[in-house]
Amino acid sequence: MGDENGVILRFEKLTKRFPGVLALDEVSFAIKRGEVHALVGENGAGKSTLIKIVTGVYQKTSGEIIFDGKPVHFLTPHEALRSGIAAIYQEFNLIPALTVAENIFMGHHFTRRNFIVDWAKMREEAQKLMEFLEVDIDVDARVRDLGVAKKQVVEIAKALSLNARVLIMDEPTATLAQKEIQGLFRIIRFLKSKGVTVIYISHRLEEIYEICDRVTVLRDGRYVGTRGVKEVTVDEIIRMMVGREVVEKFPRVAHQIGEEVLRVEGLTRHGVLENISFSVRKREILGIAGMVGSGRTELLRAIYGLDPIDRGKIYVKGREVRIRSPLEAINHGIALLPEERKTQGLVLLLSVLDNLGLPLLPFLSNRGFVDDTKLTEVAQDMVEHMNIKTPSLLQKTMYLSGGNQQKVVLGKWFARNCDIYLFDEPTRGIDVGAKTEIYHLMNKLIERGSAIVMVSSELPEILAMSDRILVMREGRIMGELSREEATKETILQLALGRRDEYARVD
């Protein structure tokens, strides 16, 4: 485990049991003081459970946590914070209506002797934190007006205001543009230089080599090993994660592309989308690439009827249709797998059974009563077909891993048998093994005759899985590339607004 004096956090046979699930099985490893330590593993490997025990969200079943040489057992996140352990999750714990300064010192305001909040002192200390982090953020700005990257900095400042010595970051770059990622890495390196320990959780393995010192791998709730990042390759990390060789990361299968099933002409939403035109055919995957904020998600939302359009036409199977709501889109054979699966794609408090059955209720009901036998049969078939790992159909979806949650989102629409699937970041936040399973499921949809429009920020995914690629910038289509023409360089040039001879523009 290394020199005990160099260790700030140690886990000794840490175990956590949930009903029907052994989430952590005697996990033991150590994290050194002042290092950036990556924690990786497939969805369901136990990463989130481990972190939630460390921060007092969950209580351990057995085992020990040694923090700064002393056993600790935090009953609440507040206890962990007061002791110097803070976590920043993908869903920020900020109050949008309050200012940056108010969010940073929420729960531990500066007060005068008469217990009145010392607003001036609070603003002054918030400004010092911004200067310490070397970022330009107005401490009087409302958090709701900040971008994702700046909100993340506010979360970091909150942790530092409580003198955090261990900072846990869960998928911190999932929604950041490349420039913002480099800004985050600069802050992480700065914190490391000041002796702060960072636990870095990410499915983007390439980032580990840029920012981390060591990497620990968990698999099926067990400790697999810890390695220095300079001593291990990406393929070796993947083998440790999945317990096998991942031979084909992108199992794209060629198919005979058929007739047109969706055509969009002149789709415009003022200030968001401008004169968007394209088509997609049966058994085709149309990839849509572009930088964060290019309008990719907004395009899918407009087609699906979530956002209104100012002008433009949509044709399904050659017939013009008006789609003013998701229900109308569904009735025309269009399904959307949203970017935010937890808030938009699932009802987390409902069971796997209920989530899988939601789009099928009109077909499984008679005079307003759901046929529970048919629903269970369909749901069980989808669980087996999609390889969804769940203790039972009655398990609440919130307790599934990210990859299995995504398979539930896909499974409910797979069962509905739609003609057109709109995929928005279908593999974001899931591990390499689950990604491959999602790609296999996409191939099954294509084999069945469906068409897929896929938005993705992962260029290797776009390049490997798409038959054609549209590149967007500032709400416009900058060009169209065939599978043979597309490279990372050509996509990036178009995404940055540089057209040339290989870009065909409608």
Peer 1: Please tell me if the side chains of Leu191 and Lys194 come closer than 4.5 Å, counting only heavy atoms from C-beta onward.
Peer 2: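 When only atoms from C-beta onward are counted, Lys194 and Leu191 do not touch, as no gap falls below 4.5 Å.
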Peer 1: Which atom names give the shortest non-hydrogen contact between Arg239 and Arg219, and what distance separates them?
Peer 2: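 Smallest interatomic distance, heavy atoms only, reads O-NH1, 4.1 Å.
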Peer 1: Can you check whether Lys435's main-chain N or O pairs, donor with acceptor, with Thr427's side chain at less than 3.5 Å?
Peer 2: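 Not a single qualifying donor-acceptor pair exists.
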Peer 1: Between His37, Lys32, Arg33, which is the residue that forms a side-chain hydrogen bond (donor to acceptor under 3.5 Å, both in side chains) with Glu35?
Peer 2: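 The side-chain hydrogen bond (donor to acceptor under 3.5 Å, both in side chains) with Glu35 is passed solely by His37 among His37, Lys32, Arg33.
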Peer 1: Does Lys16 count as lying over the ring of Phe18, i.e. NZ or CZ under 6.0 Å from the six-ring centre, within 45 degrees of the axis?
Peer 2: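 Flagged: Lys16 positioned over aromatic ring of Phe18.
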Peer 1: Any side-chain donor-acceptor pair under 3.5 Å between Asn355 and Thr397?
Peer 2: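 Distance-only check passes for Asn355 and Thr397.
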Peer 1: Does Tyr223 have its ring centroid less than 6.0 Å away from the ring centroid of Phe11?
Peer 2: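 No; Phe11 has its ring centre 6.0 Å or more from that of Tyr223.
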Peer 1: State plainly whether the residues Asp213 and Lys230 are in salt-bridge range, i.e. N to O under 4.0 Å.
Peer 2: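 Lys230 and Asp213: not salt-bridged.
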Peer 1: Before giving the answer on side-chain hydrogen bond (donor to acceptor under 3.5 Å, both in side chains), spell out for Gln395 and Thr390 the whole-Å C-alpha distance, their side-chain angles and the decisive distance to 0.1 Å.
Peer 2: CA-CA 7 Å; Gln395 174 78 300; Thr390 176; 5.1 Å; no
Peer 1: Closer than 3.5 angstrom, by distance alone: can the side chain of Glu79 be matched with the main-chain N or O of Leu75 as a donor-acceptor pair?
Peer 2: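 Side chain of Glu79 to backbone of Leu75, a donor-acceptor pair under 3.5 Å: yes, one is there.
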Peer 1: Quick one: OG on Ser83 to CG on Asn163, what's the gap to the nearest 0.5 Å?
Peer 2: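 Atom-to-atom, Ser83:OG and Asn163:CG are 12.0 Å apart.
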Peer 1: Rounded at 0.5 Å granularity, tell me how far NZ in Lys192 sits from CG in Leu167.
Peer 2: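 Those atoms lie 14.5 Å apart.
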Peer 1: Let me confirm one number: the CG-CZ distance from Leu9 to Arg165, rounded to the nearest 0.5 Å.
Peer 2: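 Rounded to the nearest 0.5 Å, the CG-CZ separation comes out at 10.5 Å.
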Peer 1: Side-chain contact, heavy-atom cut-off 4.5 Å: Val72 with Val54?
Peer 2: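 They are not in side-chain contact.
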Peer 1: For a 4.5 angstrom cut-off between non-hydrogen side-chain atoms, does Leu146 reach Val100?
Peer 2: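 Result yes, sub-4.5 Å side-chain heavy-atom pair found.
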Peer 1: Using the rule given for side-chain contact (heavy atoms from CB on, under 4.5 Å), can you reason through Met442 versus Ile285, listing the C-alpha separation, both sets of side-chain angles and the distance that settles it, and then say yes or no?
Peer 2: CA-CA 9 Å; Met442 290 170 64; Ile285 297 180; 4.1 Å; yes
Peer 1: Under the salt bridge (charged side-chain N to carboxylate O under 4.0 Å, His left out) rule, what do Glu155 and Lys151 come out as? Steps first, then yes or no, please.
Peer 2: CA-CA 6 Å; Glu155 285 277 24; Lys151 288 178 181 176; over 6 Å; no
Peer 1: I'd like to know if the side chain of Thr15 and the backbone of Glu26 have a donor-acceptor N/O pair within less than 3.5 Å.
Peer 2: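 Between the backbone of Glu26 and the side chain of Thr15 there is a qualifying donor-acceptor contact (under 3.5 Å).
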Peer 1: May I ask you to say whether Lys128 pairs ionically with Glu124, meaning some side-chain N is under 4.0 Å from a carboxylate O?
Peer 2: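 Glu124 and Lys128: salt-bridged.
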Peer 1: Would you call Lys13-Glu64 a salt bridge at under 4.0 Å N-O?
Peer 2: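 Looking at Glu64 together with Lys13, the answer is no, because their closest N to O distance does not fall below 4.0 Å.
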Peer 1: Between Val471 and Ile469, is a side-chain contact (heavy atoms from CB on, under 4.5 Å) present by the stated rule, with each step listed?
Peer 2: CA-CA 6 Å; Val471 185; Ile469 299 170; 4.3 Å; yes
Peer 1: Output the distance between atom CG (Asn103) and atom CG (Leu98), rounded to the nearest 0.5 Å.
Peer 2: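 Asn103 CG to Leu98 CG: 5.5 Å, rounded to 0.5 Å.
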Peer 1: Strictly below 4.0 Å, N to O, side chains only: are Lys407 and Glu437 in salt-bridge contact?
Peer 2: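 A salt bridge is present here (some side-chain N lies under 4.0 Å from a carboxylate O).
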Peer 1: Kindly say whether Leu463 contributes a backbone atom to a donor-acceptor pair with the side chain of Ser466 at under 3.5 angstrom?
Peer 2: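 A pair under 3.5 Å: no.
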Peer 1: Could you please spell out the steps behind the side-chain contact (heavy atoms from CB on, under 4.5 Å) verdict for Leu481 and Leu494?
Peer 2: CA-CA 10 Å; Leu481 300 168; Leu494 287 170; 4.0 Å; yes
Peer 1: Is the distance between the ring centroids of His385 and Phe414 under 6.0 Å?
Peer 2: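 Yes.
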Peer 1: Look at atom NE2 of His73 and say whether more than 12 heavy atoms of other residues, nucleotides or ligands are closer to it than 6.0 Å.
Peer 2: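 Counting other residues, nucleotides and ligands, NE2 of His73 exceeds 12 neighbours.
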Peer 1: Do Val27 and Arg222 have side chains that get closer than 4.5 Å, going by heavy atoms?
Peer 2: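 No. Closest side-chain heavy atoms not under 4.5 Å.
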Peer 1: Does the side chain of Glu207 come under 3.5 Å of the side chain of Thr173 through a donor N or O and an acceptor N or O?
Peer 2: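 Distance-only check passes for Glu207 and Thr173.
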Peer 1: With heavy-atom distances below 4.5 Å as the criterion, would you say the side chains of Tyr89 and Ile51 are in contact?
Peer 2: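 Side chain of Tyr89 against side chain of Ile51, heavy atoms only: contact under 4.5 Å found.
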Peer 1: Can you find a heavy atom in the side chain of Val40 that is under 4.5 Å from one in the side chain of His203?
Peer 2: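 Val40 vs His203: side chains apart.
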Peer 1: With distance as the sole test, does Arg189 use its side chain to make a donor-acceptor pair with the main-chain N or O of Ile211 at under 3.5 Å?
Peer 2: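 It does not hold such a pair.
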Peer 1: Please give me the minimum heavy-atom distance between Asn93 and Lys158, naming the atom from each residue.
Peer 2: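 Minimum heavy-atom contact is O-NZ, 2.9 Å.
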Peer 1: Count the heavy atoms belonging to other residues, nucleotides or ligands that lie under 6.0 Å from CZ of Arg17, then report whether that count exceeds 12.
Peer 2: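 For Arg17, atom CZ is not crowded (no more than 12 foreign heavy atoms under 6.0 Å).
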Peer 1: Any idea which heavy atoms bring Gly411 and Leu356 closest together, and the distance?
Peer 2: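 Taking every non-hydrogen atom into account, C-CD2, 3.9 Å.
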Peer 1: Shortest non-hydrogen contact from Gly228 to Arg214?
Peer 2: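 In this case the closest contact between Gly228 and Arg214 is CA-CG, 4.1 Å.
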Peer 1: So, do Phe190 and Phe132 have ring centers that fall under 6.0 Å from each other?
Peer 2: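 That pair passes the under 6.0 Å test.
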Peer 1: Show your working on side-chain hydrogen bond (donor to acceptor under 3.5 Å, both in side chains) between Ser457 and Glu425 and close with a plain yes or no.
Peer 2: CA-CA 7 Å; Ser457 299; Glu425 303 287 0; 2.6 Å; yes
Peer 1: To the nearest 0.5 Å, what is the distance between CG on Leu394 and CG on Leu350?
Peer 2: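 If I round to the nearest 0.5 Å, the distance is 11.5 Å.
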Peer 1: Side-chain contact test, heavy atoms from C-beta onward, threshold under 4.5 Å: evaluate it for Gln344 versus Arg301 and give yes or no.
Peer 2: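 Counting from C-beta outward, Gln344 and Arg301 do come under 4.5 Å.
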Peer 1: For a quick test of reading the model, state the closest non-hydrogen atom pair linking Thr197 to Gly34 and the distance between them.
Peer 2: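 Of all heavy-atom pairs spanning Thr197 and Gly34, the closest is OG1-N, 2.8 Å.
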Peer 1: Do Gln380 and Glu384 have side-chain N/O donor and acceptor atoms under 3.5 Å apart?
Peer 2: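 Yes, because at least one side-chain N or O of Gln380 sits under 3.5 Å from a partner of the opposite role on Glu384.
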Peer 1: Of the options Asp235, Ile237, Val229, which is the one that meets Thr233 in a side chain to side chain contact (heavy atoms under 4.5 Å, CB included)?
Peer 2: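 Only match with Thr233 under side chain to side chain contact (heavy atoms under 4.5 Å, CB included): Asp235.
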Peer 1: If we check side chain to side chain contact (heavy atoms under 4.5 Å, CB included) with Gln406, which of these qualifies: Leu400, Leu346, Ile438, Ile388?
Peer 2: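 Option passing the side chain to side chain contact (heavy atoms under 4.5 Å, CB included) with Gln406: Ile438.
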Peer 1: In Å and rounded to the nearest 0.5 Å, what is the CZ to NZ distance from Phe74 to Lys60?
Peer 2: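 Atom-to-atom, Phe74:CZ and Lys60:NZ are 11.0 Å apart.
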Peer 1: May I ask you to decide if Pro172's main-chain N or O and Gln152's side chain share a donor-acceptor pair within less than 3.5 Å?
Peer 2: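 Judged by distance alone, yes, a pair lies under 3.5 Å.
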Peer 1: A side-chain contact here means heavy atoms from C-beta on lying under 4.5 Å apart; do Ile65 and Arg10 qualify?
Peer 2: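 Counting from C-beta outward, Ile65 and Arg10 never come under 4.5 Å.
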Peer 1: Taking atom OH as the centre, does Tyr399 end up with more than 12 heavy-atom neighbours from other residues, nucleotides or ligands that are less than 6.0 angstrom away?
Peer 2: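 Open.
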Peer 1: Does the pair Leu410 and Leu337 meet the rule for a side-chain contact (heavy atoms from CB on, under 4.5 Å), with working shown?
Peer 2: CA-CA 7 Å; Leu410 182 52; Leu337 278 74; 3.8 Å; yes
Peer 1: Dump the intermediate steps for salt bridge (charged side-chain N to carboxylate O under 4.0 Å, His left out) on Arg204 and Glu458, then the final yes or no.
Peer 2: CA-CA 10 Å; Arg204 295 180 174 180; Glu458 304 283 347; 3.4 Å; yes
Peer 1: How close do Ile104 and Ala126 get, counting heavy atoms only, and between which atoms?
Peer 2: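 Where Ile104 meets Ala126 most closely, the heavy atoms are CD1-CB, 4.1 Å.
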